[in-house]
There are 2 protein chains.
Amino acid sequence: MVKVTPVPAAETRATVTSDAVLDAALTLFARFGYHGTALSQIAEMLGVRTPSLYNHMRSKQELLRSIVDRTTSGVLADFQTATDGLTDPVERLRSASLVYALRHATHRREAIVVNRDTASLDEPHRTELQDRRREHEHALRQIISDGVEAGVFQVDTPALASFAIREMCVSIARWFREDGPLPPDQVAEQYSRFALRIAGCTRDSAT
Amino acid sequence: MVKVTPVPAAETRATVTSDAVLDAALTLFARFGYHGTALSQIAEMLGVRTPSLYNHMRSKQELLRSIVDRTTSGVLADFQTATDGLTDPVERLRSASLVYALRHATHRREAIVVNRDTASLDEPHRTELQDRRREHEHALRQIISDGVEAGVFQVDTPALASFAIREMCVSIARWFREDGPLPPDQVAEQYSRFALRIAGCTRDSAT
DNA sequence: TTGCGATACGAATGAGCGTTAGCTAGCCTC
DNA sequence: GAGGCTAGCTAACGCTCATTCGTATCGCAA
């Protein structure tokens, strides 16, 4: 058999962690999409050959699943801590839309992947994910319905306002640039105000 | 040489047009994404073998390009006819957002593909497309800036309001269902009202 | 110093992809 | 009825991809 094993010089060997793989995957999935990204690109980004990735992951699918899981959990957690203790629908909507907008300015890659490549998840995880997103959607819609009932919001169809607010925030991930003129928190603040306007908030609209 | 050519019975042969190919591609690209869709799926949807598609198209890329071209042209044309002759910023924004929202409720597949798979376009067409989208974006932003100057709109950053309005409308394509409770024109009308609210329209906000 | 676990590597595999080539059946026109 | 155009088909090519296997190396602990 052949015995020649040329072996790269010791200093050229890279070493890599699971988190590094996940982070590189996140960047590339966000740019090219799940199906548009090859494992070889992830490996190249880390200075490693493709098969070496398998020391840090089980499969390409699992990378996507990890990204999606981690992100949707974060969204729900954000929502809980943002609305916990608040009873006024106006304050609840202000706070919920603020953290949601902020997350999409500060976690752009995650947002893009989750919103674009959900369909590439294998079952049953795709359905699980959709359920968790629906949970957030219904929670937001409930705030609006409560506000309408309390007379502080004015919308014909709460579901429409809820969709509009959510997707408006999600889209921040698509245009926001870290080196742009506005920092994330100021963008989030303005978007939070947009959210109250969409809901037809009759109070406090100048804040 | 082999001469056996089993030949399917005459009635099992399908016949297909360029438009049918484009339409099937549209459906599948919208569902699975450009990279997530195989030509074999398009062929199967049409009841035809994969190579037969090449009688009606030049390449997979060309399919995407056609879809994107046609759609962005439509958006710009919509905008022109919707705002032509209107000078009041309020009416211009109302009309522009109405047709934009309506288009995304009635041309869902196109919207999804254009917004998700733009990145899969080869150069130079990707840059061309982005330029045309920017054209629409700037036109909308100009309406808002005009309205702010005229004192009928109130926003801190017109660009943010413009992004919010556009992406809110785009997202209709993601949740709208034809068999849902609201017809496209009613959804568009409510979204048009949301757009005026985002802009901080001080007039006529109950209409 | 030795041994072991973690991790990188090259080589290979099998599947699926977009695309091309060459052939053939059906339809329209003459 | 003959001939040609249209549009289908099978076969095959070359490429890329995700994944597996066996091996070599490195760093650390005994």
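For the numbers below, each heavy atom of this structure counts, side chains included, while hydrogens, waters and symmetry mates do not. Small disclaimer: the values here were computed from a predicted structure and weren't measured. Just so it is clear: chains get the letters A, B, ... in the order the sequence lines come, proteins before strands, and each one is counted from 1.
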A:Thr50 side-chain proximity, nearest of C:dC9, D:dT19, D:dT10:
D:dT19
Using residues 60-68 of chain A as the side-chain source, report each donor-acceptor pair under 3.5 Å to any protein atom, sequence neighbours left out, with the distance given to one decimal.
from	atom 1	to	atom 2	distance (Å)
A:Lys60	NZ	A:Tyr34	O	3.0
A:Lys60	NZ	A:Thr37	O	2.8
A:Gln61	OE1	A:Asp122	N	3.2
A:Gln61	NE2	A:Tyr34	OH	3.4
A:Gln61	NE2	A:Ser120	O	2.8
A:Glu62	OE1	A:Arg58	N	3.1
A:Ser66	OG	A:Glu62	O	2.9

C:dA8 C1' sits how many Å from A:Glu44 CD, rounded?
17 Å
Could you list all the side chain to side chain donor-acceptor pair (under 3.5 Å) pairs where at least one residue sits in residues 165-183 of chain A, not counting sequence neighbours?
A:His136-A:Arg166, A:Glu167-B:Arg174, A:Arg174-B:Glu167, A:Trp175-A:Tyr191
Whole angstrom is fine here: how far is it from CZ in B:Arg49 over to P in D:dA11?
10 Å
Rounded to whole Å, how long is the line connecting atom CD of B:Glu62 with atom P of C:dG18?
15 Å
Closest contact, heavy atoms only, A:Ala82 versus A:Ser95:
O-OG, 2.7 Å
Closest to the A:Pro51 side chain: D:dC21, C:dT19, D:dG8?
D:dC21
Checking only heavy atoms, does the side chain of A:Asn55 share a donor-acceptor pair with the base of C:dA8 at less than 3.5 Å?
yes
To the side chain of B:Ser52, which of D:dA18, C:dA21, D:dG8 is closest?
D:dG8
Base, sugar-phosphate alone, or nothing: which one does A:Ser59 contact when heavy atoms must sit under 4.0 Å apart?
sugar-phosphate
Whole angstroms only, please: what is the CD1-C1' distance between A:Ile42 and D:dT19?
14 Å
How many whole angstroms separate atom CG of B:Asp122 from atom C1' of C:dG18?
13 Å
Closest approach to the side chain of B:Tyr54, judged atom by atom: which nucleotide of C:dA8, D:dC9, C:dT20 is it?
C:dT20
Backbone N or O of A:Pro158 within a donor-acceptor pair of the A:Arg141 side chain at under 3.5 Å?
no
Return no unless some side-chain N or O of B:His56 is found under 4.0 Å from OP1 or OP2 of D:dG8.
yes
Starting at CZ of B:Phe32 and ending at P of C:dG16, how long is that distance when rounded to a whole Å?
16 Å
So, do B:Thr118 and B:Arg126 sit near enough that their side-chain heavy atoms are less than 4.5 Å apart?
yes
Return the polar atom pairs (N/O with N/O) between nucleotides 15-17 of chain D and the protein under 3.5 Å, or none.
none

Minimum-distance pair of heavy atoms, taken over all atoms of B:Leu93 and B:Ala195:
CD2-O, 4.0 Å
Tightest non-hydrogen contact, residues A:Asp156 and B:Gln190, listed as CB-OE1, 3.4 Å
Without decimals, in angstroms, what is the distance between A:Leu53 CG and D:dC21 P?
17 Å
